[in-house]
Structures are given as structure tokens and as C-alpha cells.
Amino acid sequence: MNGDDTTDELLRCLVTGATGYIGGRLVPELLAAGHRVRCLARSPGKLRDHPWAGDVEIVRGDVTDDASVGAALRDVDVAYYLVHALGTGKGFEDTDRRAATVFARQARAAGVRRVVYLGGLTPAGVPERDLSPHLRSRAEVGRILLESGVPTTVLRAAVILGSGSASFEMLRYLTERLPVMVTPSWVHTRIQPVAVRDVLRALVGSARMPAEVNRAFDIGGPEVLTYRDMMLRYARVAGLPRRLVVPVPVLTPGLSSQWVGLVTPVPASIARPLAESLRHEVVCHEHDIARYVPDPPGHPLGFEEAVRLALQRVREARVDTRWSNASVPGAPSDPLPTDPDWAGGSLYTDEREIAVDASREALWRVVEGIGGEHGWYSFPLAWSVRGWLDRLVGGVGLRRGRRDAQRLRAGDSLDFWRVEEIDPGRLLRLRAEMRLPGLAWLEMYAETDPAGRTRYRQRALFHPRGLLGQAYWWGVSSFHALVFGGMARNIAKAAAQEPTARDRSPSPAR
């Protein structure tokens with residue numbers, strides 16, 4: 001592709017962060033606009049089951065690695081930088097800085113025509129050193145990319161409203177679960193939220209900006225609201241009784257994030273940077289983006305319309321991506337080794353097998369529907385306690401739930417598990433993302449024996465880390481018969497109560 005005029009040209013786009021909330025929604029929008037798309041992912045398998053996976057090129061790589069970034073940027077016109085180290089611990093600013101520097105250097109070397117970055121809206125007049133670490137890092141990444149020598153568009157957004165976004169989930173659960181809320185003082189901070197549809201529209205449109213444009217743009221909805229206003233108006237749209245909001249000044253960012261983590265599925269490690277970002281007013285000071293990406297009629301969407309659309313998708317189980325799509329920092333990412341003896345050390349297993357008085361299809365429906373509101377089919381109190389303990393030590397706990405009530409795909413989060421492998425109708429393998437002194441998996445199989453009878457097979461695996469890991473396994477092993485044995489029996493029982501496949505309407509294709 002030659003020349004600078006991209007008005008009617010179809011572009012080759014690289015999307016980093018395609019396994020995340022925004023990236024996973026941007027890819028189909030770019031495809032719909034006619035562009036060719038390449039995705040850079042550390043774990044390409046997580047993209048395998050997305051409906052658009054067969055329409056894109058997927059390459060393995062890490063944004064902190066020069067070689068893999070350089071290879072991914074080869075022959076690319078527009079590069080979308082949608083990664084950040086939110087919630088990865090104290091060193092996240094260094095990680096963000098290093099990754100952005102690598103990406104900027106390699107984009108220039110590859111002759112990329114434009115970089116597009118989605119950052120955070122920063123308050124006017126507040127020195128960068130006084131910003132929250134999260135906003136400060138977002139601002140620094142934007143600056144690194146703008147100084148790369150490659151024309152760059154930095155889009156700066158505050159609270160993004162869309163089904164499955166961390167900001168929307170935080171607002172939704174706080175409002176729905178607490179009729180009377182004792183809240184931090186930041187509920188009076190003025191915010192300019194923006195609908196995810198308008199964010200995606202700006203991202204797609206930014207690909208065609210003229211080569212001379214190298215700057216940041218504020219993007220927001222048409223209304224400026226306090227967080228208190230947002231909760232009250234959310235309640236109205238959702239048909240809830242009016243909420244009573246009582247702000248108190250004593251909740252520090254740390255206590256505030258623990259409070260959010262207690263009430264919502266968003267863990268404290270992610271809630272804290274979100275809460276810290278609300279200490280300062282985040283309001284757009286220009287709408288220059290409209291010069292290059294004109295607003296269609298009815299856009300940008302107002303707050304209540306954005307909430308209504310998000311709730312509609314939640315209720316219809318059409319949430320394409322969620323905040324939890326991205327891997328949990330520190331969680332194991334290596335797949336279960338194929339060597340059953342695992343030459344690297346001990347591998348403890350708990351195996352169960354049981355005959356099922358149901359079709360294999362009925363058994364699979366129960367297996368694929370596990371977790372979330374369906375629960376784990378054994379000793380609910382034990383699972384609940386384990387979830388709470390995980391939250392107390394900074395883990396994700398059980399409340400992440402599911403993206404879809406019936407369907408799973410590789411890479412989905414499922415309470416404190418991650419779908420590592422799914423072979424529809426046969427195997428579901430989950431990798432633990434709770435805090436553990438080792439690595440753990442749970443496998444569930446729907447099988448047919450040689451006599452044609454349905455059998456359910458279940459295998460829990462644990463690879464301990466050090467003496468603490470050994471002590472952990474033997475400390476909980478006495479509960480296995482109750483937890484894992486009960487799970488196998490109850491899954492078989494639930495399958496027997498399922499309607500047969502011919503009694504059900506056809507399921508949508510994957």
C-alpha cells in the first residue's frame with residue numbers, strides 16, 4: 001500500500017490486547033469496516049473460539065519483546081495499542097513504560113503509518129505527579145507513543161459504559177446490591193462517561209486520520225455527572241427503588257477498593273486504580289475528534305441510553321467480552337503438560353468416574369453450564385468460603401461468574417477458573433486462577449463407554465510449589481470426597497434431569 005491518502009483504502013491493522021475487553025470488540029468492528037486484521041496475543045489459544053477468529057491472522061508475542069513486536073508489525077498500516085498492566089502490582093508503571101517504548105521503536109522501524117492508543121482522561125490543571133499511578137502511567141504511555149516519530153492518535157476516555165466493562169460492572173453491582181450505600185467521597189466527583197459503542201467508533205475512525213495528525217483527543221458522552229448521579233440514574237433505568245447514597249470522607253483508596261471488592265465481582269487489585277482515578281474531576285475539554293470522526297445522529301450516546309443498551313445485552317446473555325477476559329496477573333498461564341507423570345515434580349490427582357442415566361448431550365449441557373449462577377454442584381458453603389478466602393488475599397474470588405450462561409469458549413473466565421481447553425461435547429479443562437501454593441486444573445469429560453452408556457469422568461490435578469504446596473494438598477485432601485465426590489454425583493443427577501436433545505430447540509452454532 002502506497003501513499004498517504006487512506007480515505008477509501010482498506011488497511012492492514014494490528015490489534016494488541018485482542019483478548020481484552022476493548023480489543024475483543026474492536027476486531028469485529030475493523031473487519032466490518034473491510035480492513036484486514038492481525039492480532040498479537042501472548043496466548044493465541046484464547047482467541048480460538050471467538051466468532052471472528054477464522055477471519056484474522058493471529059500471531060504469538062509479547063509487547064515487551066522487541067523481536068515478536070517487530071514481526072507482528074511487519075507490513076502493518078495501523079497499529080492499535082490496547083494493553084496496559086492494570087492491577088499487576090507495584091511495578092506496573094515500569095512494565096507499561098517498557099512495553100510502550102518497545103512498541104514505539106518497532107512501529108517506527110516497521111514503517112507503520114499510524115498508532116492508535118486508548119488511554120485515560122486526565123484532569124486539567126493537575127500535575128502529573130499528583131495523578132493516581134494508573135492515570136499517570138496511561139498519560140506516560142500516550143506521551144511515549146506520540147514522541148515515537150509515527151503519527152499517533154491518543155484517545156482519552158473516563159468511565160466506559162458497556163456490558164462487561166469493569167467500570168460498568170462496578171457501577172451495576174454497587175447500585176443493585178446496596179439499597180443504602182455508605183460511599184467514599186469520590187461519589188461527588190464529576191465524570192464524563194462514554195458508551196463503549198462511541199469508543200469503538202472513535203477507534204475505527206482514527207485509522208483514517210491524515211498523516212499530519214499527531215495528538216490526543218478527549219472522548220466522552222454528552223453528559224457530565226457525579227458518581228452519585230450515575231448510581232441514582234442507573235437505578236432508575238434498571239427499575240430499582242431509589243437508592244440512598246451517604247458519602248463518608250474516611251475511606252482511603254485502599255479501603256475504598258476493598259469495599260468495592262467486597263460488594264462487586266471486581267477484585268481490589270483492579271478496583272483500586274479505578275477508584276483512585278475518580279479522586280479528580282475527569283471531564284472532556286474538547287471534542288475535536290468530531291473533525292476526523294464525525295458524530296452520526298444520536299451520538300455520542302447519553303448515559304441512560306448507554307446503560308439501557310448494556311443491561312439489554314446482560315439480560316439477553318449477549319456479552320461479547322468482559323473485563324475479566326484478560327488474564328489475572330500472576331496466574332499460571334502454561335497449559336497442563338501432556339506428560340501425565342510430569343517429570344518436573346509431583347502431580348497429585350483426584351479422579352472420579354460415574355455412570356450417568358442420560359444422553360451424552362444432556363451431560364455436556366450440565367458440564368458446559370457449570371459455575372456462575374449454576375454453582376459447582378457440591379457443598380456450596382465450602383466453595384463460597386474458598387472464594388472469600390481468595391478475595392481476602394487479593395485473588396479474584398468466585399464472583400467473576402460467566403460471560404454467557406450456557407456457552408463457554410477457550411480463554412473465558414469462570415469464577416476463579418479460566419477455560420484452558422474446551423472440546424465441545426467431550427472435554428472442559430479449567431485452570432485455577434485463585435491464589436494457591438502451586439498450579440491446579442479441573443477436567444470434566446462427557447464420554448460413552450463401549451456398551452454405549454454415558455459416563456462422566458472428572459479429574460482434579462495439583463502441582464505443589466514447595467513444602468507449603470505439599471502441606472496445602474494434604475490439608476485439603478480430607479475434603480475431596482465431600483467436594484469432588486459430591487460434584488460428580490450431582491452433575492450426573494443434574495444431567496439425568498435435563499430434557500433430551502430432541503425436546504430442546506436447536507442451539508445456536510458456535
Next on the checklist: Distance to the ring centre below 6.0 angstrom and angle to the axis at most 45 degrees; does that hold for R215 and F217?
Outcome noted: yes
Checklist entry - Of the non-hydrogen atoms in V69 and L40, which two are nearest, and what is the gap between them? => result CG2-CD2, 4.5 Å
Checklist entry - Can you tell me if T152 uses its side chain to pair, donor with acceptor, with the backbone of L145 under 3.5 Å? => result yes
Item to check | S137 (side chain) donor-acceptor with P133 (main chain) under 3.5 angstrom | outcome: no
Checklist outcome for this item: Distance col, row R172:CZ vs L161:CG, nearest 0.5 angstrom, shows 13.0 Å
Checklist entry - Given L427 and I422, is the side chain to side chain contact (heavy atoms under 4.5 Å, CB included) satisfied, shown in steps? => result CA-CA 6 Å; L427 164 68; I422 182 167; over 6 Å; no
Next on the checklist: Just by distance, no angles: are the side chains of E433 and W417 close enough, under 3.5 Å, to form a donor-acceptor pair?
Outcome noted: no
Item to check | R97 and I144, any side-chain heavy atoms less than 4.5 Å apart | outcome: yes
Checklist entry - How would you list, by chain and number, every residue that makes a side chain to side chain donor-acceptor pair (under 3.5 Å) with R201, sequence neighbours excluded? => result D198, D295
Checklist entry - Taking all non-hydrogen atoms of both residues, which atom of R108 and which atom of S148 are closest, and how far apart? => result CD-O, 3.2 Å
Item to check | Distance-only polar pair, side chains of D62 and S68, donor-acceptor under 3.5 Å | outcome: no
Next on the checklist: Tell me the closest heavy-atom pair linking A157 and V194, and the distance in Å.
Outcome noted: CB-CG1, 4.0 Å
Checklist entry - Is there side-chain contact between V83 and F103, with heavy atoms separated by less than 4.5 Å? => result no
Next on the checklist: So that I can tick it off, tell me whether R429 and E421 are bridged by a salt bridge, with the cut-off set at under 4.0 angstrom between side-chain N and carboxylate O.
Outcome noted: no
Next on the checklist: Evaluate E128 against R143 for salt bridge (charged side-chain N to carboxylate O under 4.0 Å, His left out), listing each step before the verdict.
Outcome noted: CA-CA 12 Å; E128 198 167 291; R143 189 167 57 250; 3.0 Å; yes
Next on the checklist: Just so I know, are the side chains of V293 and R208 near enough to count as touching, which here means a heavy-atom distance under 4.5 Å?
Outcome noted: no
Item to check | Side chain R60, main chain R42, donor-acceptor under 3.5 Å | outcome: yes
Item to check | Atom CZ of R74: over 12 foreign heavy atoms under 6.0 Å | outcome: no
Next on the checklist: Set out, in order, the CA-CA distance, both residues' side-chain angles and the distance that settles side chain to side chain contact (heavy atoms under 4.5 Å, CB included) for L121 and I219, then state yes or no.
Outcome noted: CA-CA 8 Å; L121 186 58; I219 56 173; over 6 Å; no
Checklist entry - Could you give the distance from CE (M170) to CE (M230), rounded to the nearest 0.5 Å? => result 8.5 Å
Checklist entry - Taking all non-hydrogen atoms of both residues, which atom of V141 and which atom of Y81 are closest, and how far apart? => result CG1-CE2, 3.8 Å
Item to check | Contacts of A471 that satisfy side chain to side chain contact (heavy atoms under 4.5 Å, CB included) - sequence neighbours left out | outcome: none
Item to check | Rounded distance (nearest 0.5 Å) linking atom CG of D218 with atom CD1 of I289 | outcome: 10.0 Å
Item to check | Closest contact, heavy atoms only, V115 versus A107 | outcome: CG2-CB, 4.1 Å
Item to check | Exam field: side chain R38 to backbone A72, donor-acceptor pair closer than 3.5 Å | outcome: yes
Checklist entry - Do W383 and D415 have side-chain N/O donor and acceptor atoms under 3.5 Å apart? => result no
Item to check | V76 side chain near C13 side chain, heavy-atom distance below 4.5 Å | outcome: no
Item to check | Pair Y456-Q458, side-chain donor/acceptor within less than 3.5 Å | outcome: yes
Next on the checklist: Working note: Y80 + L118, criterion side chain to side chain contact (heavy atoms under 4.5 Å, CB included); need CA distance, chi angles, decisive distance, verdict.
Outcome noted: CA-CA 8 Å; Y80 286 90; L118 178 61; over 6 Å; no
Checklist entry - Is a donor on one side and an acceptor on the other found under 3.5 Å between the side chain of H35 and the backbone of L11? => result yes
Next on the checklist: Applying side chain to side chain contact (heavy atoms under 4.5 Å, CB included) to F168 and I160, what does each step give before you reach the verdict?
Outcome noted: CA-CA 7 Å; F168 179 73; I160 296 177; over 6 Å; no
Checklist entry - Just how far is it from atom CZ of R313 to atom CG of L311, taken to the nearest 0.5 Å? => result 12.5 Å
Item to check | Note, R197 side chain near L309 side chain (heavy atom, < 4.5 Å) | outcome: yes
Item to check | SB check R352 D350 (cutoff 4.0 Å) | outcome: yes
Item to check | R138/E93 salt bridge by N-O under 4.0 Å criterion | outcome: no
Next on the checklist: Quick one, H480 with W473, criterion ring pair (Phe, Tyr, Trp, His ring centres under 6.0 Å). Give me CA distance, side-chain angles, the key distance, then yes/no.
Outcome noted: CA-CA 10 Å; H480 289 174; W473 174 261; 4.6 Å; yes
Next on the checklist: For G369, is there any backbone N or O sitting under 3.5 Å from a side-chain donor or acceptor partner on H374?
Outcome noted: yes
Next on the checklist: If the condition is side chain to side chain contact (heavy atoms under 4.5 Å, CB included), which residues does D75 pass it with, not counting sequence neighbours?
Outcome noted: R12
Checklist entry - Should E351 and R459 count as an ion pair when the cut-off is N to O under 4.0 Å? => result no
Checklist entry - Under 4.5 Å between any side-chain heavy atoms of L428 and E368, yes or no? => result no
Checklist entry - When you check the gap from the basic side-chain N to the acidic O, do D412 and R409 get nearer than 4.0 Å? => result yes
Checklist entry - Judged by atom type as modelled, is there a donor-acceptor pair below 3.5 Å linking the side chain of D423 to the main-chain atoms of R426? => result no
Next on the checklist: Does any part of the side chain of P123, heavy atoms only, come nearer than 4.5 Å to the side chain of L131, both counted from C-beta?
Outcome noted: yes
Checklist outcome for this item: Which of W441, W474, Y348, Y472 passes ring pair (Phe, Tyr, Trp, His ring centres under 6.0 Å) with F462? Answer is Y472
Checklist entry - Thinking salt bridges, do E447 and R457 make one under a 4.0 Å N-O criterion? => result yes
Checklist entry - Taking all atoms of both residues into account, what is the closest heavy-atom pair of P300 and G221, and its distance? => result CB-CA, 4.1 Å
Checklist entry - Just checking, any donor-acceptor pair under 3.5 angstrom between side chains of T153 and R114? => result yes
Checklist entry - Does the side chain of L414 reach to within under 4.5 Å of the side chain of L408, using non-hydrogen atoms? => result yes
Next on the checklist: How long is the straight-line distance from OH of Y117 back to CZ of R156, given to the nearest 0.5 Å?
Outcome noted: 11.0 Å
Checklist entry - Do the side chain of R402 and the main chain of D404 share a donor and acceptor less than 3.5 angstrom apart? => result yes
Item to check | Given V116, L82, V56, the one that forms side chain to side chain contact (heavy atoms under 4.5 Å, CB included) with V15 | outcome: L82
